[in-house]
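Data first, discussion second: the structure below is written as structure tokens.
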Amino acid sequence: MRLHRNLVYTTIDALNAIFNEGEYADKVVARSLKKDKRWGSSDRKFVAETIYEIVRWKRLYAEIAEVKEPFDRDNLWRMFSVWAVLRGYPIPDWRQLEGTPERKIKGRFDELSKVRALKESIPDWMDELGVKELGEKVWATEITAQNQPAKVILRVNTLKTTREALRAILMDLNIETETLKNQPDALVLKERANVFLTDAFKQGFFEVQDANSQLVAAFLDVKPGMRVVDTCAGAGGKTLHIASLMENKGQLIAMDLYESKLKQLKIRAKRDGAFNIEYRIIDSTKIIKKLHEKADRVLIDAPCSGLGVLKRNPDAKWKLKPEFIDNIRKVQSEVLESYSKIVKPGGKLVYATCSILPSENQEQIARFLTTDIGKQFNFVKDQKILASESGFDGFYMALLERKENLEQKEKRVQKEIE
């Protein structure tokens, strides 16, 4: 087990881009992995995992290394040396790593780990918010779970294949998978692998989607032939799952504020063979008004803090600000009141976030149900999912049903019979 200079230099360059130039870790990692075509899978694994590890533990490593932002290259090397010592790598005789104080690093690690915000490497405000919303015990367990690297989960595209068929295809490529109880479309990779390079991916046999994210479309209770609206479709992970559950039958409207995201969804939908999707950019309130009381099912996958997916996006710990969370709560209230009007009487609405904060979840639903439009809905059920309990991402979803009078109910039942 030794360090290779070209891999470490690439890691340092990547950390500089993430910490000092504000780039997103996943984009930087993807770019870094293309740097040298001669690298094998173990080389690429080292680069990707080391970048993510140092991003994840930035605050702790910076404290141990006694460096402060903005980090110059010497600072980044000192943080890297902390990572190397704590991971048990022999320190090579390189100029940048001269005089690495191994005993001091281990001593400071033991000392600083007594403070949770340092031990879990999060901003103080985030630690305080977590305790305030979830309580000391739950938050302590949850933030530890959020610091574990995310597993790679596939969602089988049932429009094109079956779970067992896909497992067999991947097994031939030496990619072993495990099934998940009560999740018929999910496969968990036993070891990380670049599944995007496989023909199975290029042919649209699967998407990469967290196990708990896969629960959302099922929660919406869609059926083939329905009119379904995904109001915050983004690049469409959940939209594509809904399309497969609808068996391409019926109308699925994917909406978003950003045309660029819907363009990505179109590319993915073509690959997946999902052809019952219509795309609409929300560029005015007319787009929403035209759909009032027209949909059997509506998904509001609301913008949120993302505090349920830190294991997948560790750099979010450093990009997120308290004022953003204050603002996003207002946005959540607005989209709930606006987009819920799309649900027709007797139809159902799912409000979902990848946050674990009650103020973005249960409290939003409770507030919504007191509004004029909210009073037209019945609360059916909700599900609060913590990473510490599930092993996957943290999520929240609430199912609401729009009330209908007797005449409306008779018309709906008659239509269903026909």
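Count residues from 1 along the sequence. All values reported here derive from a predicted model rather than from experimental measurement. FYI, side chains are in, hydrogens and waters are out, and symmetry mates aren't considered; it's all heavy atoms of this structure.
Side chains of Asn147 and Trp57: no donor on one and acceptor on the other come within 3.5 Å. A donor-acceptor contact closer than 3.5 angstrom is absent between the side chains of Tyr396 and Gln364.
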Cut-off 3.5 Å, no hydrogens considered: what does the side-chain donor-acceptor table look like for residues 73-83, sequence neighbours left out?
unit_1, atom_1, unit_2, atom_2, d
Arg73, NH1, Asp13, OD1, 3.3
Arg73, NH2, Asp13, OD1, 2.6
Asn75, OD1, Asp72, N, 3.1
Asn75, ND2, Asp72, OD1, 3.4
Arg78, NE, Ala65, O, 3.4
Arg78, NH2, Ala65, O, 2.9
Ser81, OG, Arg78, O, 2.6

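The aromatic rings of Phe206 and Phe201 sit tilted, their planes meeting at an angle between 30° and 60°.
Looking at Lys321, its side chain does come within 3.5 Å of a backbone N or O of Trp318 through a donor-acceptor pair. No donor-acceptor pair closer than 3.5 Å links the side chain of Ser113 to the backbone N or O of Asp110. Within the 3.5 Å criterion, the main-chain N or O of Arg38 finds a donor-acceptor partner in the side chain of Asp36. Judged purely by atom type and a 3.5 angstrom limit, Gln146 uses its side chain to pair as donor or acceptor with the backbone of Leu310. Looking only at distances, no side-chain donor or acceptor of Arg280 sits under 3.5 Å from a matching main-chain atom of Asp256. Panel note: side chain Glu176, backbone Leu189; no donor-acceptor pair is recorded below 3.5 Å.
Leu159 approaches Gly273 most closely through the heavy-atom pair CD1-O, 3.8 Å. The shortest heavy-atom contact between Arg271 and Lys202 is CG-O, 3.4 Å. Residue Phe368 comes nearest to Leu336 through the heavy atom pair CE1-O, 3.6 Å, listed as atom of the first residue, atom of the second, then distance. The shortest heavy-atom contact between Glu142 and Ser388 is OE1-OG, 2.7 Å. Between Glu69 and Phe19, the shortest heavy-atom distance links the atoms OE1-O, 4.1 Å. What you find for Ala186 and Ile153 is that their closest heavy atoms are CB-CG2, 4.4 Å.
Checking Leu215, Leu220, Asp301 one by one against Lys238, the side-chain contact (heavy atoms from CB on, under 4.5 Å) holds for a single residue, Asp301. No option in Ile253, Leu262, Val228, Leu252 other than Leu252 meets the side-chain contact (heavy atoms from CB on, under 4.5 Å) test with Thr239. When each of Arg402, Glu401, Lys341 is paired with Gln376, the side-chain hydrogen bond (donor to acceptor under 3.5 Å, both in side chains) condition holds for Arg402 and for no other. Test Thr11, Leu7, Ile51 against Ser32 for side-chain contact (heavy atoms from CB on, under 4.5 Å) and you get one pass: Ile51.
Checked for salt-bridge contact, Arg268 and Glu207 meet the test: a charged N lies under 4.0 Å from a carboxylate O. Ion pairing between a basic and an acidic side chain is recognised when a charged N comes within 4.0 Å of a carboxylate O; Arg367 and Glu337 show such pairing. Arg312 and Asp393 are joined by a salt bridge, as a carboxylate oxygen and a charged side-chain nitrogen come within less than 4.0 angstrom of each other. Taking the charged nitrogens against the carboxylate oxygens, Arg329 and Glu363 have no contact shorter than 4.0 Å, which rules out a salt bridge.
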### Task
Under the side chain to side chain contact (heavy atoms under 4.5 Å, CB included) rule, what do Met255 and Leu291 come out as? Steps first, then yes or no, please.
CA-CA 11 Å; Met255 308 175 76; Leu291 288 169; 3.9 Å; yes
### Query
How far apart are the C-alpha atoms of Asp43 and Val47, what are their side-chain angles, what is the distance that settles it, and do they pass the side chain to side chain contact (heavy atoms under 4.5 Å, CB included) test?
CA-CA 6 Å; Asp43 297 327; Val47 169; 5.8 Å; no
### Task
Quick one: do Ser213 and Gln209 satisfy side chain to side chain donor-acceptor pair (under 3.5 Å)? Show the steps, please.
CA-CA 7 Å; Ser213 176; Gln209 185 179 6; 3.0 Å; yes
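Remark: Lys311 is not positioned above the aromatic ring of Tyr52, lacking an NZ or CZ atom under 6.0 angstrom from the ring centre and at most 45 degrees off the axis.
The line from NZ of Lys58 to CZ of Phe71 is 5.5 Å long, rounded to the nearest 0.5 Å. For the atom pair Trp94 CH2 and Leu3 CG, the distance stands at 5.0 Å (nearest 0.5 Å).
Residues passing the salt bridge (charged side-chain N to carboxylate O under 4.0 Å, His left out) test with Arg297, sequence neighbours excluded: Asp221.
A heavy-atom distance below 4.5 Å is not found between the side chains of Ile281 and Leu257.
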